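Report on the following structure.
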Amino acid sequence: MAPRAFITGVSGTTLTDDERAFLRDQRPWGFILFKRNIETPDQVIRLVEEMRSAVSQPDAPVLIDQEGGRVQRLQPPQWPAYPPGAVFSALYEVDRATGLEAARLSSRLIAADLADLGITVDCLPLADVPVPGADSVIGDRAYGTTAAKVAEIARAVTDGLAQGGVLPVLKHIPGHGRATADSHFRLPTVDTPAAELAKTDFAAFKPLADLPMAMTAHVVFSALDPAQPATTSATIIEQVIRGTIGFQGLLMSDDVSMNALQGSIAERTRASLKAGCDVVLHCNGKLDEMSQVAGEAPELAGVALARAERALASRRTPQPFDRGAARAELERLIGETGSLTS
């Protein structure tokens with residue numbers, strides 16, 4: 001029996017009886033962890049095992065947002081701190097090779113942290129290209145302000161994750177960098193002409209179109225679809241994400257519980273899938289909302305199932321790795337540009 005076309009969060013550091021029953025009956029394709037789910041390494045390992053056991057899938061993907069900087073679910077003192085993307089951007093400006101190697105090393109170390117816990121997917125890299133006046137929701141998470149630089153650093157980040165046996169999720173396709181609002185709270189609208197978007201925002205994603213998974217942006221691009229954000233726009237998914245950018249991997253929505261989207265959770269789920277998302281992401285761990293998502297998410301089948309299987313099959317066996325040496329080298333490369341604490 002195939003899993004269902006959604007990824008879910010849970011409420012706490014262990015499963016409740018109701019959550020366990022829900023997961024057993026509804027069979028989500030995967031899971032995502034947040035700070036509310038995390039206390040200690042042993043506890044996270046047990047929770048990951050619990051979730052996979054509930055769906056009888058020992059290899060079910062477990063996702064997390066572990067970027068470094070502001071967006072880091074695993075935090076000190078239990079886990080190391082990592083720099084935000086802007087640090088790699090600054091290093092790149094001084095010396096391109098140093099910036100790329102620091103980006104790769106950071107994500108390779110993150111991958112090692114995740115692999116210790118059984119977490120197999122990191123919602124990284126970002127290919128968003130911020131512009132002056134944009135909301136700070138991307139801000140120092142970005143790898144630069146030009147498409148070519150962002151794509152190159154994003155590729156280095158992807159390489160580090162892959163070397164550690166962790167799958168990447170490219171976000172936020174086709175671009176969140178121009179948004180003048182935080183889509184967690186309200187719907188951003190970008191009025192930039194389509195030709196300019198293609199040269200800047202979309203151009204950062206195009207060199208990364210081979211990645212196995214990507215996450216949509218809850219952003220309206222009025223030149224392309226004035227009514228719907230990318231997540232629920234068949235026009236943008238078909239013409240831009242699958243067309244101009246050429247992404248053919250598994251496409252997941254950003255969190256459908258975010259305030260950028262309108263309607264009930266069921267309506268948001270239905271609209272995302274109808275527009276062309278392969279799976280829907282729901283993060284807040286509220287069981288009533290999880291049930292609405294499950295009620296709209298079909299079993300994975302056809303092209304969506306093939307994309308999901310292909311994504312999971314692309315995960316590599318971790319390469320040999322000296323964590324201590326890698327961390328010392330990252331410290332050396334970063335120097336005065338940023339700091340790391342164990």
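These figures come from a predicted structure and were not determined experimentally.
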(request) Report yes or no: do Thr231 and His218 form a side-chain donor-acceptor pair below 3.5 Å? (result) yes

(request) Supply the atom-to-atom distance Ile173 CD1 to Leu208 CG, rounded to the nearest 0.5 angstrom. (result) 9.0 Å

(request) Can you establish whether the number of heavy atoms outside Gln262 located under 6.0 Å from its atom CD is more than 12? (result) no

(message) Set out, in order, the CA-CA distance, both residues' side-chain angles and the distance that settles side chain to side chain contact (heavy atoms under 4.5 Å, CB included) for Val62 and Val121, then state yes or no.
(response) CA-CA 6 Å; Val62 178; Val121 182; over 6 Å; no

(message) Pair Val71, Arg141 - check side chain to side chain contact (heavy atoms under 4.5 Å, CB included), show working.
(response) CA-CA 8 Å; Val71 180; Arg141 299 163 67 190; 3.5 Å; yes

(message) Please report the interatomic distance CG(Asp278) to CD1(Ile237), rounded to the nearest 0.5 Å.
(response) 8.5 Å

(message) When you compare the side chain of Val240 with that of Leu224, does any pair of heavy atoms fall below 4.5 Å?
(response) yes

(message) Just verifying a value: how many Å separate Ser106 OG and Leu161 CG, rounded to the nearest 0.5 Å?
(response) 9.0 Å

(request) Report the relative orientation of the aromatic rings in Tyr143 and Phe88; use parallel for angles under 30°, tilted for 30 to 60°, perpendicular for over 60°. (result) tilted

(request) Applying side chain to side chain contact (heavy atoms under 4.5 Å, CB included), run through Leu109 and Arg323 and close with a yes or a no. (result) CA-CA 7 Å; Leu109 285 159; Arg323 193 178 306 200; 3.6 Å; yes

(message) Within the structure provided, determine whether Thr8 and Ile32 are in side-chain contact (heavy-atom separation under 4.5 Å).
(response) no

(request) Verify the cluster assignment for Leu312 and Phe247: are they in a single hydrophobic cluster under the rule of side-chain heavy atoms below 4.5 Å apart? (result) no

(request) Apply the test salt bridge (charged side-chain N to carboxylate O under 4.0 Å, His left out) to residues Glu296 and Arg268: give CA-CA distance (whole Å), side-chain angles for both, the deciding distance (0.1 Å), then the verdict. (result) CA-CA 9 Å; Glu296 300 295 333; Arg268 299 175 190 190; over 6 Å; no

(request) Kindly confirm or rule out a cation-pi arrangement of Arg108 over Phe321, judged by NZ or CZ under 6.0 Å from the six-membered ring centre and within 45° of its axis? (result) yes

(message) Taking the six-membered ring of Phe6 as reference, does the cationic atom of Arg270 (NZ for Lys, CZ for Arg) lie under 6.0 Å from its centre and within 45° of its axis?
(response) no

(request) Evaluate the side-chain proximity of Val169 to Asp122: yes if any heavy-atom separation is below 4.5 Å, no if none is. (result) no

(message) Using a strict threshold of under 4.0 Å (side-chain N to carboxylate O), is an ion pair present between Lys149 and Glu152?
(response) no

(request) Identify the two heavy atoms, one from Gly133 and one from Thr180, that lie closest to each other, and give their separation to 0.1 Å. (result) O-CG2, 3.9 Å

(request) State the CD-CD distance between Gln78 and Gln43, to the nearest 0.5 angstrom. (result) 9.5 Å

(message) Between Arg24 and Asp18, does any NZ, NE, NH1 or NH2 come within less than 4.0 Å of an OD or OE carboxylate oxygen?
(response) no

(message) If I compare all heavy atoms of Ile245 with all of Ala209, which pair ends up nearest, and what's the gap?
(response) O-CB, 3.4 Å

(message) When you compare the side chains of Thr14 and Glu50, does any donor N or O come within less than 3.5 Å of an acceptor on the partner?
(response) yes

(message) For Thr192 and Glu196, which I'm curious about, is there any donor-acceptor pair between the side chains at under 3.5 Å?
(response) no

(message) Minimum heavy-atom separation for Arg70 and Ser136, please, with both atom names.
(response) NH2-O, 3.3 Å

(message) Between Asn37 and Thr13, do the side chains contain a donor N or O and an acceptor N or O under 3.5 Å apart?
(response) no

(request) Take Glu101 and Arg104 through the salt bridge (charged side-chain N to carboxylate O under 4.0 Å, His left out) test and state the conclusion after the steps. (result) CA-CA 5 Å; Glu101 178 62 2; Arg104 186 196 68 80; 2.8 Å; yes

(message) I'd like to know whether Val256 forms a side chain to side chain contact (heavy atoms under 4.5 Å, CB included) with Leu261, so could you lay out the CA-CA distance, the side-chain angles of the two residues, the decisive distance to 0.1 Å, and finally the verdict.
(response) CA-CA 7 Å; Val256 293; Leu261 301 185; 4.2 Å; yes

(message) So, applying salt bridge (charged side-chain N to carboxylate O under 4.0 Å, His left out) with Lys171, which one of Asp254, Asp65, Asp255, Asp128 is it?
(response) Asp65

(request) Using the salt bridge (charged side-chain N to carboxylate O under 4.0 Å, His left out) rule, take Asp210 and Arg155 through it: C-alpha gap first, then chi angles, then the decisive distance, then the call. (result) CA-CA 11 Å; Asp210 62 311; Arg155 176 65 70 180; 2.7 Å; yes

(message) What I'd like to find out is whether the side chain of Thr145 reaches to under 4.5 Å of the side chain of Val131, using heavy atoms alone.
(response) no

(request) State, yes or no, whether a side-chain contact exists between His172 and Ile138 at a heavy-atom distance under 4.5 Å. (result) yes

(message) Side chains of Ser53 and Arg20 only: does a donor on one sit below 3.5 Å from an acceptor on the other?
(response) no

(request) Kindly indicate, with the supporting measurements, whether the criterion side chain to side chain donor-acceptor pair (under 3.5 Å) is fulfilled by Gln26 and Arg4. (result) CA-CA 7 Å; Gln26 302 302 331; Arg4 307 279 290 283; 2.9 Å; yes

(message) Under 3.5 Å, is there a donor on one side chain and an acceptor on the other for Glu289 and Ser257?
(response) no

(message) Would you say Thr244 and Lys206 are linked by a side-chain donor-acceptor pair, where the criterion is simply a distance under 3.5 Å?
(response) no

(message) With a 6.0 Å cut-off (strictly less than), is the heavy-atom count around CG of Asp288, excluding the residue itself, greater than 12?
(response) yes

(message) With rounding to the nearest 0.5 angstrom, report the CD to OG1 distance, Glu93 to Thr98.
(response) 12.5 Å

(request) Examine distances only and state if a side-chain atom of Gln163 and a backbone atom of Pro318 form a donor-acceptor pair shorter than 3.5 Å. (result) no

